[in-house]
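Data first, discussion second: the structure below is written as structure tokens.
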Amino acid sequence: MLKENVAALLNEQVNKEFYSAYLYLDFANYYEDEGLKGFANWYRVQAQEERDHAMLMIQYLQNNDCKVTLEAIAKPDCVLNERMDPLKEGYKHEQYVTSLINNIYSAAYEERDFRTMQFLDWFVKEQGEEETNASDLIKKMELFGDDAKSLYMLDSELAGRVYAAPSLTL
């Protein structure tokens, strides 16, 4: 059985992961309106990943006989005026999520909850990848975003992203 504080943090993280999916769908909608369907695709795939992260945490809680409590998901409140805004907000958000995962990991460590630490190892690695991807997108947009042909090529590249379900086993 998980310690109450670790289970509570995991329950909170479920909500944060669903919020992340909402946020990325908001970004996808912004780019769709801008006519950048590749960027929209990239963020729709990102939203799918976040939903799966929440589902993995729900399954982990259930596998450990913990009650799952779903809370209301806040509406994204980012102001998106320029093409770079979702990218910058996404990077900041990934850094925030990393801090949340690290906080849960710290709580599990304090409780000597090695099983939860092992479960979270995948998320720690995933967050490193998420931050790198978000940072790389910003760099690419800074390099190519002002040139129409380059922006077209970048948008085409992002349109090719497909969803791959996580390979974490519980």
Side-chain angles (χ1 to χ4, degrees), residues 9-64 66 68-80 82-105 116 118-141 145 151-170:
L9 288 170
L10 285 166
N11 254 304
E12 288 173 23
Q13 191 61 32
V14 167
N15 181 271
K16 302 287 187 188
E17 297 293 334
F18 282 128
Y19 172 80
S20 296
Y22 267 38
L23 181 66
Y24 293 143
L25 286 174
D26 195 40
F27 294 173
N29 292 337
Y30 170 82
Y31 283 122
E32 193 71 36
D33 291 344
E34 289 289 306
L36 293 168
K37 296 187 181 300
F39 282 82
N41 174 68
W42 199 91
Y43 277 110
R44 277 192 298 273
V45 170
Q46 200 64 22
Q48 288 177 295
E49 282 189 9
E50 303 304 337
R51 285 190 304 262
D52 272 358
H53 295 170
M55 297 305 293
L56 287 168
M57 290 183 183
I58 288 170
Q59 188 64 58
Y60 183 76
L61 286 163
Q62 291 171 338
N63 288 351
N64 285 280
C66 295
V68 175
T69 306
L70 299 176
E71 300 293 338
I73 301 168
K75 178 183 175 184
D77 62 355
C78 294
V79 177
L80 307 174
E82 297 178 15
R83 291 179 184 152
M84 187 65 90
D85 291 344
L87 303 179
K88 289 180 178 177
E89 291 296 329
Y91 182 55
K92 283 189 339 193
H93 184 73
E94 289 300 339
Q95 290 174 317
Y96 170 66
V97 172
T98 297
S99 74
L100 296 172
I101 297 295
N102 289 344
N103 187 43
I104 302 168
Y105 200 100
T116 299
Q118 184 179 27
F119 169 71
L120 291 172
D121 281 342
W122 183 87
F123 288 93
V124 170
K125 180 179 179 277
E126 176 72 6
Q127 280 310 120
E129 292 172 8
E130 297 290 4
E131 285 188 34
T132 297
N133 290 339
S135 176
D136 286 350
L137 265 179
I138 289 170
K139 289 174 189 171
K140 286 179 180 181
M141 186 64 128
L151 181 59
Y152 175 80
M153 295 299 291
L154 180 56
D155 191 57
S156 296
E157 174 188 327
L158 297 178
R161 184 179 187 203
V162 294
Y163 180 68
S167 59
L168 177 65
T169 55
L170 301 178

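The first residue in the sequence is number 1, and the count goes up from there. Please read all numbers here as calculations on a predicted model, not as lab measurements.
The two residues Glu49 and Glu130 come nearest to each other via the heavy atoms OE1-OE2, 2.7 Å. Here the shortest heavy-atom pairing between Met55 and Phe18 reads SD-CZ, 4.1 Å. Between Phe119 and Leu10 the shortest heavy-atom distance is CE2-CD2, 4.4 Å. In plain terms, the two heavy atoms of Arg161 and Asn41 that are nearest each other are O-ND2, 3.0 Å.
Interatomic distance, NZ of Lys140 versus CG of Leu158, reported as 7.0 Å (0.5 Å rounding). With rounding to the nearest 0.5 Å, the separation of OH in Tyr24 from CZ in Arg44 is 15.5 Å. Rounding to the nearest 0.5 Å places CZ of Arg51 at 12.0 Å from CD of Glu17. Annotation: the span from Gln13 atom CD to His53 atom NE2 amounts to 10.5 Å, rounded to 0.5 Å. For the atom pair CG of Leu100 and CD of Glu12, the computed distance is 9.0 Å after rounding to the nearest 0.5 Å. The CG atom of Leu23 lies 12.0 Å from the CD1 atom of Ile73; values are rounded to the nearest 0.5 Å.
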Problem - Residue pair Phe39, Arg83: steps toward the side-chain contact (heavy atoms from CB on, under 4.5 Å) verdict - result: CA-CA 10 Å; Phe39 282 82; Arg83 291 179 184 152; over 6 Å; no
Practice task
Run the numbers on Asp85 and Cys78 for side-chain contact (heavy atoms from CB on, under 4.5 Å), then give the verdict.
Solution key: CA-CA 9 Å; Asp85 291 344; Cys78 294; over 6 Å; no
Practice task
Kindly indicate, with the supporting measurements, whether the criterion side-chain contact (heavy atoms from CB on, under 4.5 Å) is fulfilled by Asn11 and Ile58.
Solution key: CA-CA 8 Å; Asn11 254 304; Ile58 288 170; over 6 Å; no
Exercise for the section: Just do the salt bridge (Lys or Arg N to Asp or Glu O under 4.0 Å) check on Glu50 and Lys16 with the steps written out, would you? Expected result: CA-CA 9 Å; Glu50 303 304 337; Lys16 302 287 187 188; over 6 Å; no
Exercise for the section: Check step by step if side-chain contact (heavy atoms from CB on, under 4.5 Å) holds for Asn15 and Leu70. Expected result: CA-CA 7 Å; Asn15 181 271; Leu70 299 176; over 6 Å; no
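For Ile138, the side chain to side chain contact (heavy atoms under 4.5 Å, CB included) test picks out Met84, Leu87, Lys88, Tyr91, Glu142, with sequence neighbours left out. Remark: Asn103 engages Leu9 in a side chain to side chain contact (heavy atoms under 4.5 Å, CB included) (not counting sequence neighbours).
By the 30° and 60° cut-offs, the orientation of the rings of Tyr43 relative to Tyr31 is parallel.
Between Tyr19 and Tyr22, the distance separating the two ring centers is not shorter than 6.0 angstrom.
In this structure, Glu129 pairs ionically with Lys125, as a charged nitrogen and a carboxylate oxygen lie closer than 4.0 Å.
The backbone N or O of Phe123 sits nowhere less than 3.5 Å from a side-chain atom of Tyr105 that would complete a donor-acceptor pair. Side chain of Thr98 to main chain of Glu94: a donor-acceptor pair is present (N/O by atom type, distance under 3.5 Å, no hydrogens or angles). For Asp26 (side chain) and Pro76 (main-chain N/O), no donor-acceptor pair under 3.5 Å exists by modelled atom type.
At most 12 non-hydrogen atoms from other residues, nucleotides or ligands lie less than 6.0 angstrom from CD of Glu82.
Side-chain N/O atoms of Gln95 and Gln127 include no donor and acceptor closer than 3.5 Å.
Thr116 has its side chain within reach of Tyr60: a pair of non-hydrogen atoms, C-beta onward, lies under 4.5 Å apart. A heavy-atom distance below 4.5 Å is found between the side chains of Trp42 and Asn133.
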